[in-house]
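Inspection log for the structure reproduced underneath, given as structure tokens.
Since the structure is predicted, the reported quantities are computational estimates derived from the model, not experimental observations.
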Amino acid sequence: MWVARRVLSSLVKRSQYAGQSGLFCRPQYGSFPELRYLQCTCCWRSRVPVASFETLNANLSSSNESCKDDASRTLDTCYTPEQRDAILQLLNTATPGELAGIKLLRGRKSLNIVEYRTKNGPFKTLESVVNVPLLKHKSAVIVFNSILNPTVKKERKVRIQLAKFIRPEVDKSWLEDASSIVSLICGTNKIAWAHVDRGMSVLDWQQVDCPNFLRGTYMASAYLHDVSSVVALLPSADFYIIEKSSISVQNTALFPIMAHMRAVEAMLFALLEPKNSLPESNIPPRVLNMMRTAVGRHFGLMVGESRTSGAQAVRQLMTESVTQKLPRINFPQDLLVKYRNSFQMGSRRGGEELCDALLQAIAFYELLSDCS
């Protein structure tokens with residue numbers, strides 16, 4: 001704790017300093033500068049010089065004057081009439097979405113501006129903007145400057161690596177030269193496929209029941225019979241894309257389903273891959289895996305780590321094929337008639353595999369294009 005201790009000379013001539021007693025004491029040597037000290041009550045030796053009251057008062061006075069000068073300047077005087085008109089025009093007419101694109105006006109501030117001008121009428125001065133909740137003087141200046149000098153955000157095109165959704169890795173040129181693909185989805189009791197060409201037209205789209213899947217004891221010969229029957233029906237294509245499921249090996253309850261999927265996937269690879277497609281050969285692999293989660297993210301079907309139904313997305317695609325001049329994908333008339341009622345809400349026709357096969361084919365072409 002620090003207290004002031006008068007020097008000896010001040011004790012002798014106390015009368016000269018009547019009215020100035022307290023923590024501060026002044027040395028009596030006329031040649032010394034006007035300084036006062038705080039002294040330590042423990043050792044009574046350490047002293048800290050302190051500016052006189054006159055100096056402190058002078059500093060406070062000058063500070064108050066500068067504050068008064070700043071306060072006397074309104075926001076309107078900081079801008080030219082043309083700039084004020086431009087700022088007020090935007091604040092009085094912009095929608096909440098347009099206001100959200102301005103620096104500091106995301107979220108609640110943009111709504112507050114709209115609510116304030118709706119209740120009190122359009123802004124007539126820049127100074128009146130600080131009456132909006134959450135908008136103070138500094139924030140208002142940043143907003144005004146952002147309106148006058150908008151920053152153009154360069155759209156950054158995200159380059160997608162093929163390895164993130166296609167396995168095994170293949171040369172991109174091979175995929176771009178493909179005239180058509182067959183997208184395959186293995187379910188628990190059926191296999192579905194969609195044959196789509198590079199012009200985004202559906203050439204074939206169907207599914208086949210596999211009665212031996214997940215029926216009692218696993219029999220390799222029974223599985224092979226069902227998978228071979230499907231392969232015999234598949235149309236010819238440059239590539240066959242098989243969905244790679246995202247079932248976690250940590251979930252032991254789903255282990256039988258995972259083993260089933262892997263068995264069917266292995267048989268499709270063995271039956272569809274040409275015998276001369278070896279790593280050392282110059283022929284690209286014809287059978288590829290596509291990540292189920294990549295397709296789900298492409299169509300916005302992911303909720304956390306789980307994927308929701310794609311039936312609504314397929315219904316939208318079928319509607320656009322009829323109503324739009326340049327739809328995302330073209331369906332032949334017979335397939336539209338065949339499946340027009342297959343993906344309605346509450347339908348028990350079991351069309352999830354059909355939906356996923358089509359969405360996987362579309363995602364393959366669109367993600368491949370994004371990699372350019």
For Q333, is the CD atom crowded, meaning more than 12 foreign heavy atoms sit under 6.0 Å from it? no

N131: which residues meet the side-chain contact (heavy atoms from CB on, under 4.5 Å) condition with it, sequence neighbours left out? Y116, S128

Any luck finding a side-chain donor-acceptor pair between N145 and Y79 under 3.5 Å? yes

Does any pair with a residue in residues 305-334 pass ring-ring contact (aromatic ring centres under 6.0 Å, His included), and if so which ones, sequence neighbours excluded? W205-F331

Checking P168 now: which residues fulfil side-chain contact (heavy atoms from CB on, under 4.5 Å) with it, not counting sequence neighbours? P285, L288

Run the numbers on K244 and E265 for salt bridge (charged side-chain N to carboxylate O under 4.0 Å, His left out), then give the verdict. CA-CA 8 Å; K244 189 72 171 179; E265 175 188 337; 3.0 Å; yes

Could you tell me whether a side-chain N or O of R84 sits under 3.5 Å from a main-chain N or O of D76, the two making a donor and an acceptor? yes

Sequence neighbours excluded, the answer for side chain to side chain donor-acceptor pair (under 3.5 Å) partners of D209 is none

Distance-only, no hydrogens or angles: does the R117 side chain make a donor-acceptor pair with backbone N or O of L91 under 3.5 Å? yes

Quick check against the 3.5 Å criterion: does T118 have a side-chain atom that pairs as donor or acceptor with the backbone of V114? yes

If we ignore angles and hydrogens, is there a donor and acceptor under 3.5 Å between the side chains of Q316 and Q312? no

Would T188 and H260 count as having a side-chain donor-acceptor pair, cut-off 3.5 Å? no

Donor-acceptor check, side chain of S183 to backbone of A357, threshold 3.5 angstrom: yes or no? yes

Set of residues satisfying side chain to side chain donor-acceptor pair (under 3.5 Å) with respect to T293, sequence neighbours excluded: none

Which residues pass the side chain to side chain donor-acceptor pair (under 3.5 Å) test with Q89, sequence neighbours left out? none

